[in-house]
Amino acid sequence: MPDPVQAPVYHEVLAANDAYAAGFDKGDLALPPARRFAILTCMDARLDPAKYAGLGEGDAHVIRNAGGRASDDAIRSLVISHKLLGTNAWFVIHHTNCGMELFTDEVIGDLLADNLETAELRDGAWVNPAHGGGSPAGRSIDWLTIPDRLGSVAADVRRIRAHPLVPGHIPIFGFVYDIATGRLNEVEAASEAGRPRTVPIG
Ligand code: ZN
C-alpha cells in the first residue's frame, strides 16, 4: 500500500465513509437501476449528476469520463446498461467551461512527451513545471477534445445512435449543463439525432 502520508486525502475519504456507512440503509437495493435510465457526463468536479438530475442510490447509471464523450468505453458501458441492466433512455450531458475545450491532441501530446507532471495554464498556453521524463505515448491517443461544445454533444449522440449494438428504440437526449446556473440546457440538434428510430421488438 502507498504511504497515506503522501496522500492526506486518504484519511478524509475513510472518515467520510465511516460516517456514511454508520447511517447506511440502502443495503437491499436491486442491481438494475430502478429508474431505468443512464447518464453519460463529464468527470468535472463541479458537476454532481446525483444533484443536478435528482438521483438517489440505485436510481440510474452514471458513466463519466473527461468530457462526457461517447468513447468506445462509454459505449461499452451503455450497451451493458441496456442489454443486461434494462435502462431504456440515455442522456449525454456535456457542460460549459469544460477543460476539454482548452487543449488539442497536439498540445497534450507535446506536454506529455516533455514531462508527466501537472501543467499550468498561463495566459492561455499550457506550460510544463519542469522538463524531462516525458513519454511520446500520448501522441498516439485520441484525447476526444472538444473544439465545439454544441457540436460535440450532437456528434456523441449521433455516434451512439449509429452504433450497431444500440437498439433504435432507445431515446438519447443531448444537453449542456451550465456550470454558472446549474441548469441543463437541451441541445435540440443532439436530441433530434437521438430520436428513436424503431419500436421495441417483443
Ligand atoms: Zn468537462
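Order of appearance sets the numbers: ligands from 1, and atoms from 1 within every ligand. Both backbone and side-chain heavy atoms feed into the values below; hydrogens, waters and symmetry mates do not.
Ionic pairing of Asp73 and Arg76 is present here: one or more N-O contacts between side-chain nitrogen and carboxylate oxygen are shorter than 4.0 angstrom. Ionic pairing of Arg36 and Asp59 is not present here: no N-O contact between side-chain nitrogen and carboxylate oxygen is shorter than 4.0 angstrom. Using a cut-off of 4.0 Å between Lys/Arg side-chain N and Asp/Glu carboxylate O, Asp105 and Arg139 are scored as not salt-bridged. For Arg183 and Asp178, the salt-bridge test fails: no basic side-chain N is under 4.0 Å from an acidic carboxylate O.
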Exercise answer: donor-acceptor pairs, residues 7-24 side-chain atoms, under 3.5 Å, sequence neighbours excluded:
| unit_1 | atom_1 | unit_2 | atom_2 | d |
| --- | --- | --- | --- | --- |
| Tyr20 | OH | Glu57 | OE2 | 2.5 |

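Excluding water, every protein N/O/S atom under 2.8 Å from the Zn ion (ligand 1) is given here by residue and atom: Cys42 SG, His95 NE2, Cys98 SG.
The aromatic rings of Trp126 and Phe103 stand perpendicular to each other, their planes meeting at an angle above 60°, with 30° marking the opposite boundary.
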